[in-house]
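Let me begin by presenting the structure, written as C-alpha cells, before commenting on it.
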Amino acid sequence: QAQTYTFLTTAMLGLSGLATGNAPRALLTPVTLLTTGLSLPLIPRLANQKTNLHAVVSIRSVLAVLAMTIVLVGFYVLALWLARDTLIHLILGNRYHDVWPCIVAWGIVSVFANVRIYCTTFLLAKAGFRELAAANVFGTVVVVGVTGPLIHFFGVRGSVYSVAAGELVLGTAIWLRSRTVAARIQAT
C-alpha cells in the first residue's frame, strides 16, 4: 500500500505533490508512534491465551486498545486544531496551505492503521496466517484500484484519501478475519 501511494502520487503529481501530501503527516508523528507502541505489549499476551475464553478476552483486548487509540488520535487532532495558527506555521512553515483536509485524512489513516496493526497482531498470535494473507491481497487490490481516480479527482488530498481508504479496507478485512479466527478458536 505504501509503495502504491508513493509511486502513483509521484507519477501523477510529481515530487512536490508527494511532499505536499506527506508534510501534514509530520504533525501526526508523535501520536502515531504512541499508538503503534500500544500494540507491542499485546503480542506476548495474545500468544499466551490458548483457551476458548481467552479468544474472547483477546478480541476484547484489541477493542480496548483500539478505543484508546481513537481517543488519543481524536484529542491530538483537536489539540492540533486549537493550536493550528502557531503550531502548523512553526513546524511546516509557509510552504503549505490548506493542510487540514490532509491532517484529518492522516488522522483517519492512523486510526485504521492501528486497527490493522492490532488485528494483525491477533492473527499472528493465533496462527491466522492464511486469513491475514487473504485480507492483505484484498486490501492491496482495492488500494491499487482507488489511488489513481482519487488523485485525479482530488489532487494531493486524493492521494492521502487513497491511503485512508486502503487502511479502512485492509483494517476492516483483517478485523473480519480476526473475528473468524476467534470464532474458530471458540468452537474448538
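Values in this document were obtained by computation on a predicted structure and should not be read as measured data.
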Handout entry: Gap between atom CD1 of Ile103 and atom CD1 of Ile108 - 0.5 Å precision
Key = 12.5 Å
Exercise for the section: Would you name the heavy atoms of Ser159 and Thr9 that are closest together and state the gap between them? Expected result: CB-OG1, 3.2 Å
Problem - Side-chain cluster (under 4.5 Å, hydrophobic types only) that Leu33 belongs to, other residues - result: none
Problem - OG1 on Thr172 to CZ on Phe112, rounded to 0.5 Å - result: 6.0 Å
Exercise for the section: Considering non-hydrogen atoms only, spot the tightest contact between Trp106 and Leu28 and give its length. Expected result: CB-CD1, 3.2 Å
Handout entry: Other residues, nucleotides, ligands: >12 heavy atoms within 6.0 Å of Trp81 CH2
Key = no
Completion exercise
Correct closest heavy-atom pair for Val99 and Leu92 would be CG1-CD1, 4.2 Å
Practice task
Rounded to the nearest 0.5 Å, what's the gap from CD1 on Ile91 to OG1 on Thr29? Could you check?
Solution key: 9.0 Å
Handout entry: Shortest non-hydrogen contact between Glu167 and Ala113, atoms and distance
Key = OE1-CA, 3.4 Å
Practice task
List the steps, then state whether side-chain contact (heavy atoms from CB on, under 4.5 Å) holds for Val31 with Thr69.
Solution key: CA-CA 9 Å; Val31 77; Thr69 298; over 6 Å; no
Practice task
Establish whether Leu176 and Leu168 are linked, either directly or via other cluster members, by ILVMFWY side-chain heavy-atom contacts under 4.5 Å.
Solution key: yes
Problem - Val163-Ile151 co-clustered via ILVMFWY side chain contacts under 4.5 Å - result: no
Fill in the blank from the handout: Note: Pro101 and Arg157 closest approach over all heavy atoms is CB-CD, 3.1 Å
Handout entry: Minimum heavy-atom distance Val156-Cys102, with the two atoms named
Key = CG1-SG, 4.3 Å
Practice task
Using the rule that two of Ile, Leu, Val, Met, Phe, Trp, Tyr join whenever any of their side-chain heavy atoms come within less than 4.5 Å, decide whether Ile70 and Leu27 are in one cluster.
Solution key: yes
Handout entry: Any side-chain heavy-atom pair of Leu18 and Leu13 under 4.5 Å
Key = no
Practice task
Treat each ILVMFWY residue as a node, draw an edge where side-chain heavy atoms are under 4.5 Å apart, and state whether Leu78 and Leu72 are in one component.
Solution key: yes
Fill in the blank from the handout: Grouping ILVMFWY residues whenever side-chain heavy atoms fall under 4.5 Å, the cluster of Val146 otherwise contains Phe138, Val142, Leu150, Phe153, Phe154, Tyr161, Val169
Problem - Connected via hydrophobic side-chain network under 4.5 Å: Leu82 and Val77 - result: yes
